[in-house]
Amino acid sequence: MHLSYCTNVHPAEDLDGIVRQLDEHAGPVRRAAGLDRLGVGLWMPVGVASVLAHDEGARAILAEALERNSLELRTVNAFPYRGFHDDVVKLAVYRPDWTTPERLDYTLDCARALAALLPLGAAGSISTLPLGWREGWDAAADDAAEGALTRLIGGLAAIERETGRTVRVGIEPEPGCILDDVADVVAWLGARPALIADGLLGLCLDTCHLAVSFADPAGVVAAATAAGVRIVKVQASVALEVPDPSDPRSIAALHPFAEERYVHQVRTARGTHAADDLPEVLDAREPWPTDQPWRVHVHVPLHARPEAPLRATTEVLLAAVDSVLGAPGGDEAHLDVETYTWSVLPASLQPATLVDGIAAELRWVREHLPHAVTCADRDAAPAGVAASGTATPSPSAGATVGATASGARSAREDFAATASGIDGGSRA
């Protein structure tokens with residue numbers, strides 16, 4: 001696995017803004033994390049994706065910014081279309097959906113740009129939304145989405161023929177969407193084998209979303225493998241859990257996480273209750289059940305621990321990574337740290353600076369996945385964009401994640417042996 005952090009945490013709607021975020025955040029994050037090179041999972045808003053797909057000069061500007069900061073691009077987040085840091089995002093993040101030509105065009109632009117910027121010999125990945133939000137979805141929408149994804153695969157195959165670069169797209173299940181969890185994605189794709197036959201379309205496993213579904217990580221990875229669904233990307237993230245809702249402190253502890261920008265879906269362990277946003281639970285006329293845990297779609301920093309009586313679902317992340325590493329092709333998946341919520345988290349989870357927080361997450365990954373993290377080749381040639389629009393050779397990131405070494409303890413065992421706290425990532 002290639003390690004990166006997702007830049008959707010930074011607000012930028014144009015190329016100048018993306019270059020600034022690399023200079024002002026990603027480069028300093030790499031240095032603070034102690035990495036020679038670092039991967040970035042780039043969020044490209046639609047306007048930027050279009051420019052980078054078709055303008056060689058724009059790609060050269062981005063390539064130079066990546067190189068001067070010792071950064072690499074192998075994965076793109078193409079879930080939010082635009083405006084991911086608007087004052088209110090909520091359900092707008094799911095539009096346009098996969099029934100529209102806009103979603104297809106945007107995703108293919110991301111793929112063209114990524115193919116041109118990949119290091120030589122590297123494959124790329126793109127995460128995308130799980131078709132769309134569930135409300136109003138019908139059989140006609142299903143057919144339209146299938147047709148769009150069929151055209152996507154054709155476009156990805158054409159890019160591969162033209163550039164020699166492979167770019168795969170992973171559908172990212174999310175609570176409340178038409179493909180709500182991993183089982184939904186596996187069933188939907190499994191019923192359409194032509195979509196997954198060549199391995200260009202697969203699954204993006206977001207471990208916060210996985211935790212909210214209360215699914216077993218090993219079980220969902222095994223099911224995906226059995227159905228022939230490739231896991232192309234893992235978004236390293238953790239959810240918020242209420243382990244004992246009968247604790248009278250629980251509701252008060254949740255209130256600081258209810259905010260106006262993003263949706264924070266809530267599920268119960270036995271699947272008896274579901275809410276599309278946290279205020280629906282906090283303001284419910286009928287109290288939610290207190291005899292089973294709840295989980296909330298809030299991306300909690302990987303190294304942080306919410307104050308009691310809440311907790312983070314870190315063990316789900318670790319179990320998922322272990323499971324993916326054991327799956328066919330799992331060591332080729334990209335591991336993208338995706339905590340986009342820093343700007344809306346309670347003060348108790350805020351770092352001194354955003355750079356400090358992201359660097360601490362990366363250090364945490366390296367510490368708690370010691371069986372998988374290896375050093376990069378520091379002598380490889382630098383990245384760049386050739387006149388043809390294809391990337392020139394580049395070194396791999398300063399930390400990459402590979403297959404579990406024989407006899408090594410699992411990440412879950414290592415994590416269980418550590419203390420808790422938020423201290424720059426030196427403890428669990």
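Below, each value reflects all heavy atoms present in this structure, side chains not excepted, and no hydrogens, waters or symmetry copies. Just so you know, residue 1 is the first one in the sequence shown, and it goes up from there.
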**OP:** May I ask you to check whether Tyr262 and Phe257 place their ring centres under 6.0 Å from each other?
**Re:** no
**OP:** Decide if the gap between the ring center of Tyr340 and the ring center of His299 is smaller than 6.0 angstrom.
**Re:** yes
**OP:** Please work out whether the ring planes of Tyr81 and Tyr106 are parallel, tilted or perpendicular, with thresholds of 30° and 60°.
**Re:** perpendicular
**OP:** Would you sort out whether Leu203 and Arg230 count as a side-chain contact (heavy atoms from CB on, under 4.5 Å), showing the intermediate values?
**Re:** CA-CA 6 Å; Leu203 173 68; Arg230 182 183 182 120; over 6 Å; no
Using a distance-only test with no angle check, is there a side-chain donor-acceptor pair under 3.5 angstrom linking [X] and [Y]?
X: Asn8; Y: Glu338; result: yes
X: Arg192; Y: Thr150; result: no
X: Arg305; Y: Thr314; result: yes
X: Thr107; Y: Trp98; result: no
X: Asn69; Y: Asp23; result: yes
X: Gln265; Y: His297; result: yes

Original post:
Sequence neighbours excluded, which residues qualify as salt bridge (Lys or Arg N to Asp or Glu O under 4.0 Å) partners of Arg270?
Top reply: Asp291
Between [X] and [Y], is there a side-chain N and carboxylate O pair less than 4.0 Å apart?
X: Arg151; Y: Asp105; value: no
X: Glu13; Y: Arg82; value: no
X: Asp109; Y: Arg112; value: yes
X: Arg267; Y: Asp180; value: yes
X: Asp356; Y: Arg363; value: no
X: Lys90; Y: Glu259; value: no

**OP:** Please check if atom CD in Glu307 has more than 12 non-hydrogen atoms from other residues, nucleotides or ligands closer than 6.0 Å.
**Re:** no
For the [atom1] atom of [X] and the [atom2] atom of [Y], what is their distance to the nearest 0.5 Å?
X: Asp216; Y: Ser323; atom1: CG; atom2: OG; value: 7.0 Å
X: Leu22; Y: Leu62; atom1: CG; atom2: CG; value: 6.5 Å
X: Leu195; Y: Ile171; atom1: CG; atom2: CD1; value: 7.5 Å
X: Thr163; Y: Arg161; atom1: OG1; atom2: CZ; value: 10.5 Å

Tell me whether [X] contacts the main-chain N or O of [Y] through its side chain, where contact means a donor paired with an acceptor under 3.5 Å.
X: Thr100; Y: Pro96; result: no
X: Arg30; Y: Ala26; result: no
X: Arg295; Y: Thr268; result: no
X: Thr75; Y: Ile126; result: no
X: Asp198; Y: Leu200; result: yes

**OP:** Taking the side chain as every heavy atom from C-beta outward, state whether Val337 and Ile358 have any atom pair closer than 4.5 Å.
**Re:** no
**OP:** Report the residue from Leu278, Leu310, Val242 that forms a side-chain contact (heavy atoms from CB on, under 4.5 Å) with Trp294.
**Re:** Val242
**OP:** Under the ring pair (Phe, Tyr, Trp, His ring centres under 6.0 Å) rule, collect the residues that match up with Phe214, sequence neighbours excluded.
**Re:** none
Original post:
Please, which pairs that meet ring pair (Phe, Tyr, Trp, His ring centres under 6.0 Å) have at least one residue in residues 115-169, sequence neighbours excluded?
Top reply: Tyr94-Trp133
**OP:** Measure from NZ or CZ of Arg366 to the centre of the six-membered ring of Trp364, then state whether that distance is under 6.0 Å and the direction lies within 45° of the axis.
**Re:** no
